[in-house]
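Contents: one structure, followed by commentary.
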There are 4 protein chains.
Amino acid sequence: MSTTVAPDPTRRNDGVRRAILSAAIDQVGEVGYAKLTIERIAKSAGVGKQTIYRWWPSKGALFFDAFLDLAGDGEATALPDTGDLAADLKLVLDATIDELNNPRFDQAMRALHTEIVLDPALAAEYATRLDNPMRDIKKARLRTAQEAGQLAEDVDLEVAVDLVWGPILNRWLHRTAPLTSEYAHQVVDTALRGLAPRVS
Amino acid sequence: MSTTVAPDPTRRNDGVRRAILSAAIDQVGEVGYAKLTIERIAKSAGVGKQTIYRWWPSKGALFFDAFLDLAGDGEATALPDTGDLAADLKLVLDATIDELNNPRFDQAMRALHTEIVLDPALAAEYATRLDNPMRDIKKARLRTAQEAGQLAEDVDLEVAVDLVWGPILNRWLHRTAPLTSEYAHQVVDTALRGLAPRVS
Amino acid sequence: MSTTVAPDPTRRNDGVRRAILSAAIDQVGEVGYAKLTIERIAKSAGVGKQTIYRWWPSKGALFFDAFLDLAGDGEATALPDTGDLAADLKLVLDATIDELNNPRFDQAMRALHTEIVLDPALAAEYATRLDNPMRDIKKARLRTAQEAGQLAEDVDLEVAVDLVWGPILNRWLHRTAPLTSEYAHQVVDTALRGLAPRVS
Amino acid sequence: MSTTVAPDPTRRNDGVRRAILSAAIDQVGEVGYAKLTIERIAKSAGVGKQTIYRWWPSKGALFFDAFLDLAGDGEATALPDTGDLAADLKLVLDATIDELNNPRFDQAMRALHTEIVLDPALAAEYATRLDNPMRDIKKARLRTAQEAGQLAEDVDLEVAVDLVWGPILNRWLHRTAPLTSEYAHQVVDTALRGLAPRVS
DNA sequence: TCTTAACCGAGACGGTACGTCGGGTCTTATC
DNA sequence: GATAAGACCCGACGTACCGTCTCGGTTAAGA
């Protein structure tokens with residue numbers, strides 16, 4: 001018999017919720033994820049600690065929500081389609097790179113990845129709510145290209161997506177080298193063309 | 001000008017050092033990186049906390065050293081070269097996948113990535129001591145292939161490495177899907193051949 | 001101007017406060033003042049360390065409060081007055097000696113003296129809250145005696161108090177010799193009569 | 001079977017011993033007894049910690065020796081004797097008060113008392129080496145006075161000593177009020193004359 | 001309209017871990 | 001073999017946050 005009852009979502013004060021989420025993002029930008037504490041978020045949001053614990057089970061979960069809020073929870077619906085696959089991919093990657101190079105977004109995104117890498121449950125939710133929808137959109141664009149004969153028929157779209165976006169994400173995560181538009185374009189061209197020489 | 005003086009490394013007890021490093025790896029495997037504390041490492045290694053703080057500035061730095069110790073700090077010298085690039089790459093990736101699917105190594109590797117993603121200084125050291133040497137080895141193998149006409153002459157080896165290893169690392173980090181040998185082979189084949197259809 | 005704000009005393013849990021004070025006295029009796037630590041008091045009281053640090057700035061201040069609590073913070077109001085000064089003083093000193101020979105009280109009292117001897121601020125508070133009230137009570141009894149012609153008119157009561165109680169306290173503090181009723185009676189008789197011979 | 005052997009006192013380096021003792025007194029004056037540490041004494045004396053632990057079992061014991069060294073270990077042999085007991089006592093007490101009002105000596109003396117009050121073993125040694133010799137000297141002077149008819153024949157000299165010196169020591173320890181020459185003289189006069197009125 | 005139940009700010013509380021200080025022991029190199 | 005230096009294990013320090021818990025106050029149903 002538990003005395004703790006799930007809070008009634010209908011009574012939730014949405015202004016408070018938004019204040020907490022945005023405070024979380026703000027504070028990550030200011031002190032980084034390692035020094036981000038519930039107490040700091042509460043103080044920055046002008047909120048009692050208990051209000052946070054009432055609605056979120058952990059810092060990771062709260063931050064995850066905050067990130068979804070920031071990222072706009074699946075607002076994009078389709079990738080551009082001009083008929084030129086390479087150009088479209090480069091356009092999309094350039095936009096992604098801009099985002100990743102925005103310090104506020106960069107910090108938040110890194111924090112999210114930290115949580116995801118260590119917590120399989122969060123990783124699953126991340127996949128469901130953000131990654132899979134995005135993958136579907138990407139695959140949709142590739143499928144169109146495939147149908148238009150711009151992609152080999154036997155290419156696995158899952159692998160194709162990884163081939164294009166994987167290198168970008170990795171370079172950003174590991175800071176192997178500056179993440180530039182040139183690099184992205186090279187990745188697209190190389191992926192499309194393949195590493196092996198043309199037979200001629 | 002700092003008042004804290006670096007301890008004299010010649011007086012360091014190496015048995016103690018090794019006990020700490022291996023305790024760090026052990027405990028990450030047992031409780032995960034989030035619950036890994038200096039106090040726990042100290043107790044598990046049968047060592048005073050101060051002894052840890054004397055030689056490492058942070059949990060991250062200690063764990064980094066522990067990982068280097070585990071990974072053997074650049075012991076590999078070259079990738080296999082049977083003349084068949086695709087087969088050689090698949091062989092190497094299979095070994096990598098085995099390693100990543102080993103729970104002890106998996107946990108340690110994830111912990112390392114967590115630290116690296118958030119700490120640029122550690123990322124730089126990681127690049128210098130582990131990633132760059134490995135990249136050099138990979139590029140060496142690809143260069144041989146290129147000279148043998150198995151790789152297009154105008155392919156940037158840096159990009160080529162990313163194209164092959166990036167997808168593997170990402171799938172592992174994000175647990176997008178199980179990391180299997182089949183997937184790795186697909187990645188190799190697709191990267192070599194390219195996404196675009198052969199002109200014939 | 002300090003950034004640390006004093007906690008709100010109205011929110012204080014008095015049960016916790018009493019548990020801490022009595023744990024402090026208990027533990028001094030068990031291990032002595034030198035080995036008395038905040039951590040030990042906290043554990044013995046079933047309390048977090050922070051709760052102690054929230055309300056007391058130091059071990060000395062805490063112990064001082066604990067002693068006040070034990071000593072009853074000025075509960076006595078007057079010395080007995082049977083008209084026979086010597087007898088009354090002997091009665092009072094006998095009671096004091098009993099108290100000082102009670103191990104529990106002895107330990108606590110010694111600890112208090114240790115702090116007072118080294119810390120002028122605590123000494124001042126001790127004077128205000130315990131010593132001065134007691135001196136006033138003692139002086140009141142002596143004044144009555146003086147008015148009744150049992151004390152020389154020109155005797156300074158401050159000095160008179162010191163002459164009677166000083167030797168007792170010193171013998172106890174320094175363990176010069178066992179603190180007995182006989183000694184106390186001798187002190188009273190000698191102080192009243194004086195060292196010099198009667199002129200006859 | 002113990003591997004630790006008592007050090008050979010004949011090999012002791014006396015310069016080192018004196019450096020340690022004087023460093024102890026110096027540091028008590030600088031930071032007080034509570035913050036006096038073995039490490040601080042060692043550093044201040046330019047000595048290894050082990051050298052201190054080799055010769056003294058505890059901070060208290062070391063400090064005790066240091067104090068003996070400072071106080072001159074029973075150098076005085078007799079109190080002045082001009083034939084006028086009151087005047088002689090006042091002279092001696094004035095000198096004592098000067099000493100107690102000397103900050104360097106005050107700090108050291110307070111530290112010593114702290115140790116003595118809590119540690120019976122040290123109290124016993126203090127009695128044997130410092131207090132009893134001094135008491136003997138005091139009693140010798142009083143005995144002379146007694147033989148000269150300046151002290152009542154039935155006065156216990158032990159009590160007499162306490163009556164004169166007890167109040168002084170207490171006022172100093174507790175800082176009840178400033179320790180002045182006037183006070184000391186009052187004590188002497190009152191002790192000699194007694195509190196009770198002359199019968200006429 | 002008036003309870004009344006929940007949210008909310010605030011922050012005390014029992015804990016765990018932090019990073020530091022010093023205790024006392026032991027080892028190494030020097031004299 | 002005594003010494004200076006300092007690494008080592010250990011225990012306590014005083015602080016920061018954790019997650020839980022009351023405490024008033026306010027706010028929005030429902031009787």
Side-chain angles (χ1 to χ4, degrees), chain A residues 3-5 7-13 15-17 19 35-43 45-55 57-59, chain B residues 4-5 7-13 15-17 35-40 42-43 45-55 57-59, chain C residues 4-5 7-13 15-17 35-40 42-43 45-55 57-59, chain D residues 3-5 7-13 15-16 35-43 45-55 57-59:
Chain A
T3 54
T4 58
V5 178
D8 176 358
T10 67
R11 308 218 30 176
R12 184 166 193 178
N13 181 335
V16 163
R17 180 182 152 273
K35 292 195 177 176
L36 181 67
T37 66
I38 298 279
E39 237 156 41
R40 175 179 270 268
I41 296 171
K43 177 144 289 183
V47 140
K49 274 204 291 180
Q50 189 58 27
T51 302
I52 294 182
Y53 283 110
R54 180 153 35 230
W55 302 107
S58 70
K59 182 176 83 162
Chain B
T4 59
V5 178
D8 176 357
T10 67
R11 304 199 65 140
R12 185 166 192 177
N13 181 334
V16 163
R17 180 182 149 272
K35 291 195 178 175
L36 181 68
T37 65
I38 298 278
E39 229 150 53
R40 174 180 269 268
K43 175 151 292 184
V47 140
K49 272 202 291 180
Q50 189 64 257
T51 302
I52 295 182
Y53 284 110
R54 179 153 39 231
W55 301 108
S58 67
K59 184 177 80 162
Chain C
T4 58
V5 178
D8 177 357
T10 67
R11 292 187 148 263
R12 185 166 193 178
N13 181 334
V16 163
R17 181 182 149 272
K35 291 194 175 174
L36 180 68
T37 65
I38 296 279
E39 227 150 54
R40 174 179 270 268
K43 176 150 289 183
V47 140
K49 271 201 291 179
Q50 190 59 43
T51 301
I52 294 181
Y53 284 110
R54 181 151 39 230
W55 301 109
S58 68
K59 184 176 80 161
Chain D
T3 54
T4 58
V5 178
D8 176 357
T10 66
R11 307 218 28 162
R12 183 165 193 179
N13 179 335
V16 164
K35 293 195 175 172
L36 180 68
T37 66
I38 297 279
E39 238 156 41
R40 174 180 272 268
I41 296 171
K43 177 144 291 184
V47 140
K49 275 205 289 180
Q50 191 56 38
T51 304
I52 293 181
Y53 283 110
R54 181 152 34 233
W55 301 108
S58 68
K59 184 176 81 161

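Labels below follow one simple rule: chain letters A, B, ... track the order of the sequence lines, proteins then strands, and each chain is numbered from 1. In this text the structure is predicted, and so the values were computed from the model without any measurement.
- Closest approach to the C/Arg54 side chain among E/dG9, E/dA12, E/dC8 is made by E/dA12 (side chain taken as heavy atoms from C-beta onward).
- Put simply, B/Thr51 has a side-chain N or O that comes within less than 4.0 Å of OP1 or OP2 on F/dC9.
- Where A/Ile38 and B/Ala45 meet DNA chain F, the nucleotide closest to each residue was compared, and B/Ala45 sits on the side nearer the 5' end.
- When the C1' atom of F/dC17 is taken as reference, atom CG of A/Leu36 falls 12 Å away, rounded to whole Å.
- Put simply, CD1 on A/Ile52 is 12 Å from C1' on E/dG9, counting in whole angstrom units.
- For B/Gly48 against B/Ala42, the heavy-atom pair with the smallest separation is C-CB, 4.3 Å.
- Side-chain contact between D/Arg54 and D/Gln50 is present, with at least one heavy-atom pair separated by less than 4.5 Å.
- We find that NZ of C/Lys49 is positioned 16 Å from P of F/dC17, with the value rounded to whole Å.
- Taking the ring axis of B/Trp55 as reference, the NZ or CZ atom of B/Arg12 stays within 45° of it and closer than 6.0 Å to the ring centre.
- Here the C1' atom of nucleotide F/dA12 and the OH atom of B/Tyr53 are 15 Å apart, to the nearest Å.
- Counting to the nearest Å, the P atom of E/dG9 and the CD1 atom of A/Ile41 are 14 Å from each other.
- Between C/Val47 and B/Pro57, the one whose closest nucleotide on DNA chain E sits nearer the 5' end is C/Val47.
- Between the CZ atom of A/Arg17 and the C1' atom of E/dG9 there is a distance of 20 Å, rounded to whole Å.
- Counting distance only, with no hydrogens placed and no angle test, the side-chain atoms of B/Gln50 and the base atoms of F/dC9 include no donor-acceptor pair under 3.5 Å.
- Remark: the backbone N or O of D/Ile38 is not paired with any side-chain donor or acceptor of D/Lys49 at under 3.5 angstrom.
- In this structure, the NZ atom of B/Lys43 is 11 Å from the P atom of E/dT16, given to the nearest Å.
- The phosphate of E/dA6 (OP1 or OP2) has no side-chain N or O of A/Trp55 nearer than 4.0 angstrom.
- Taking only side-chain nitrogens and oxygens, B/Arg11 never comes nearer than 4.0 Å to OP1 or OP2 of E/dT27.
- Taking every heavy atom of both residues into account, A/Ala45 and A/Ala19 meet most closely at CB-O, 3.7 Å.
- Residue contacts for B/Arg40: at a heavy-atom cut-off of 4.0 Å it reaches no nucleic acid atom on any strand shown.
- In this structure, CD of D/Glu39 is placed 12 Å from C1' of F/dA7, rounded to the nearest angstrom.
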